[in-house]
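First listed ligand is number 1; within each ligand, the first listed atom is number 1. Both backbone and side-chain heavy atoms feed into the values below; hydrogens, waters and symmetry mates do not.
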Amino acid sequence: MASPRQPVSSSSVYVGKGVGAAHDAAAVIFDASFVKRALTVARASASASYSRFCCRPHCRRRLTFGIGMTFQNLKTTTCHFRHVESMSTLRSLAGKVTGLNAVVLGEALASEDDELVFPNDDFSRQALVPSPKKYLEMYKRSVEDPAGFWSDIASQFCWKQKWGQSVFSENFDVRVGNIKIEWFKGGITNICYNCLDRNVESGNADKIAIYWEPNEPGSQDSLTYSQLLQRVCQLANYLKDKGVKKGDAVVIYLPMIMELPIAMLACARIGAVHSVVFAGFSAESLAQRIVDCKPKVVITCNAVKRGSKVIPLKDIVDVAFVESTKNGISIDICLTYENESAMKRESTKWQEGRDVWWQDVVPKYPTTCAVEWVDAEDPLFLLYTSGSTGKPKGVLHTTGGYMVYTATTFKYAFDYKPSDIYWCTADCGWITGHSYVTYGPMLNGATVVIFEGAPNYPDSGRCWDIVDKFKVTIFYTAPTLVRSLMRAGDEYVIRYSRKSLRVLGSVGEPINPSAWRWFFNVVGDSRCPISDTWWQTETGGFMITPLPGAWPQKPGSATFPFFGVQPVIVDEKGAEIEGECSGYLCVKSSWPGAFRTLYGDHERYETTYFKPFPGYYFSGDGCRRDKDGYYWLTGRVDDVINVSGHRIGTAEVESALVSHPQCAEAAVVGIEHEVKGQGIYAFVTLVEGVPYSEEVRKSLILTVRNQIGAFAAPDKIHWAPGLPKTRSGKIMRRILRKIASRQLDELGDTSTLADPSVVEQLIALADR
Ligand code: WTA
């Protein structure tokens, strides 16, 4: 694999202050006097190095100016533990904090200088983790005795048979042998049983499991836990009847209707492996996934309405089937839900024999269905995600560890209480919709809101209308949505009460401090802590996240590691860096929710994640740890970009572009985008003799939309008669990134290029 790039991080030099300094700084994190001292420290150090947030409104990067330390100054350690351990000396509740740069929940964050948001006593008192001390106690145990910590939690779930002698076994080091992660091996369970039957049996049969809000305002639907169980059983029986067995794959291509989690849970019930494909993906992308996992059945619906637009999903599936058949995979059953509000069945194209209306068959099946008990290490689902090559990776999660981990992270990171009404705006086509729309909340018996439509339809107040309608208490979304609603104006927010809200959440990309502040002040009325959860498709669940009520937050920081997670920041050579620093974010040792392999390609799994820094899982993200031990994610350091929280490999976009008959070469980089976080910037060389025209530009964009999906369409196409390449032919993306972001005075050394004049040429074409 290509060596990872320098992190897109706060500073251009790694800044470290050594073990001692970090220790001392961390020791005062939660001390009341820290607020004042922090200010003093910041001022005192200003002469040596001065840092502030980037002034661009959408940018969350902290810029460091002045003298930084070199690698030689950095001390390394084998014990990352010290970054959190000094918390044990801290007082339990925040109390009233005075000081210029701190507020307590309930007070507005006034300016960019405000750095710390303390939980108030009332919030902390009721919180599951009410103090740093309690966190420390639990965290220490989770790291020092992971087997004991996680088996205690796992015992709260239903197991047909308890796991074998070891709670987990792992090899995290490629130098020792193949990477292997196992949790609760030998334990026999079923995640659907734990999500549904267990809740029904424990007295929650009549509790609402799902509130469904359709695209058009004015109506709603809901299912209690017992109704949901019945629907799941009917579909499970249908699938079984059609020959779907344990281990078989089922592809689900559905929008956010209740049938999507129903389909996931039905697969889990019978031990089938679901692979949900986001319904914004094109026919080609769907076909690619079908060919890779060879499903027995594909589940879809005829169409969906998002905002005022109707998207004919079944037509897309039909095209995908033609494509997959060409590649040797034909599908016998396409179970299609009639989404009447978007399209009537009469208008739906149909292939008799293969296509079956859900409503015609599924309701005829019995409402009970025996559970297929599976091993904790049997696969639960496959979810394709983007990497740094063109081919999406089938991330494979297994059952037991994922179950325990998603349930536990959900509970603590949102301070979940049984009375909560929880709404996550993510689509089940992404990992967030797996772990935190479906499994995590339902394992806790939560009431979940599912929304079919677009957050700005009929206007930008829709989210808050939904919050008031269902009395949502926990609202979890992506920074891109926060920024777009922030742009629309406060009036759309303040016309709704939002009194029910108590915890907010953010995921998918770094949340810039100004968006954080708006989310906190305007949406949450300065009352609600924000859980900025850092994690990945691969990690299954939250890795670094605030625990609301436990410690003060810093706008833009994901704060501290979750139980059992040992984050480390390493330098380019893979050495752990101590204290205040920037580098590559890795994780030491496994956690129950970790993915076990890439479907059909264990070698790629090892090469991508475990070989870059032997001994660690490499996340692909850059990260900074500040003097107080807080973690700040700074973005991807590989060729992956996060566009509106959607993860896209630049290579995927490039391969779509070069499939255009008039495109000779393409190089794609990410650029900062005010709303989307990152935008897609493509340098394109056309085939000799083809004129560079607006028409070709449009047709290139259309090609990407058709091959991947609308969300991957380039924001900018930059004509490039030549690309900056080394003499060996390697494209110098560093230079392209600088040109794309117009940092023209930072191009660096271009003398190693085969033809340095292409740089001038590209600059001249920048705005054409
Ligand atoms: C980014 C989404 C900063 C990160 C759950 C990661 C974040 C990638 C955050 C994974 C966050 C996710 N702060 N960056 N709170 N959450 N990311 O697999 O770059 O779709 O590597 O999983 O999103 O994206 P994925």
Side-chain angles (χ1 to χ4, degrees), residues 4-5 7-10 59-62 276 278 280-281 383-388 392-395 397 405-406 409-410 413 424-437 440 476-482 504-513 515-516 519 530-546 553-562 565 567 584-587 593-595 598 608-609 617-624 630-650 652 670 676-678 711-712:
R5 299 198 300 260
V8 195
S9 78
S10 45
C59 180
R60 51 143 289 161
R61 291 187 301 165
R62 184 180 276 277
V276 183
F278 172 55
F281 272 114
L383 182 60
Y384 288 87
T385 190
S386 298
S388 39
K393 304 179 279 197
V395 167
H397 282 283
Y405 199 67
T406 52
T409 45
F410 173 81
C424 166
T425 62
D427 191 291
C428 287
W430 306 103
I431 189 67
T432 310
H434 284 63
S435 303
Y436 301 109
V437 172
Y476 185 37
T477 193
T480 182
L481 182 65
V482 174
L504 302 173
S506 169
V507 61
E509 50 169 315
I511 178 163
N512 48 305
W516 197 102
F519 201 25
I530 299 177
S531 286
D532 173 6
T533 59
W534 175 78
W535 61 297
Q536 308 177 296
T537 305
E538 293 86 342
T539 69
F542 305 150
M543 299 293 280
I544 300 182
T545 176
Q553 303 185 288
K554 294 191 181 189
S557 165
T559 75
F560 292 98
F562 190 72
V565 175
Y584 303 104
L585 180 60
C586 292
V587 184
F595 67 140
L598 291 178
T608 310
Y609 302 101
Y617 163 75
F618 172 46
S619 68
D621 277 321
C623 186
R624 188 171 69 85
Y630 282 68
Y631 288 85
W632 299 76
L633 277 302
T634 51
R636 300 288 305 197
V637 293
D638 53 10
D639 293 316
V640 171
I641 47 185
N642 288 319
V643 180
S644 299
H646 297 154
R647 186 168 152 181
I648 302 169
T650 52
E652 284 174 81
K676 297 198 258 185
Q678 279 190 295
F711 64 93

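Residues meeting the ring-ring contact (aromatic ring centres under 6.0 Å, His included) test with W535, sequence neighbours left out: Y436, F542. Shown here are the side chain to side chain contact (heavy atoms under 4.5 Å, CB included) partners of E538, two or more places apart in sequence or in another chain: T385, K393, V395, Q536, F595, Y609, Y617, R647.
Nearest-heavy-atom check against atom 8 (C) of ligand 1 across T539, I648, N642 picks out N642. Residue T537 holds the heavy atom nearest to atom 22 (O) of ligand 1 of all those in D621, T533, T537, T634.
Taking 4.0 Å as the cut-off, G508 counts as a neighbour of ligand 1 on heavy-atom distance. Residue contact check for ligand 1: W534 places a non-hydrogen atom closer than 4.0 Å to it.
Side-chain contact of Y476 with T432: a donor-acceptor pair under 3.5 Å is absent, judged by distance alone.
Counting heavy atoms from C-beta on, the side chains of F711 and S644 never come closer than 4.5 Å.
The backbone N or O of T477 sits nowhere less than 3.5 Å from a side-chain atom of T425 that would complete a donor-acceptor pair. Remark: the backbone N or O of N642 is not paired with any side-chain donor or acceptor of H646 at under 3.5 angstrom.
Only the side chain of R647 comes within 4.0 Å of ligand 1, judged by heavy-atom distances.
Any N or O atom pair closer than 3.5 Å counts here, and T432 shares no such pair with ligand 1. Not a single N or O atom of E538, backbone or side chain, sits closer than 3.5 Å to an N or O atom of ligand 1.
Numbered from 1 in the order shown, with element, the atoms of ligand 1 that lie under 4.0 Å from a heavy atom of D532 read 11 (C), 13 (N), 15 (N).
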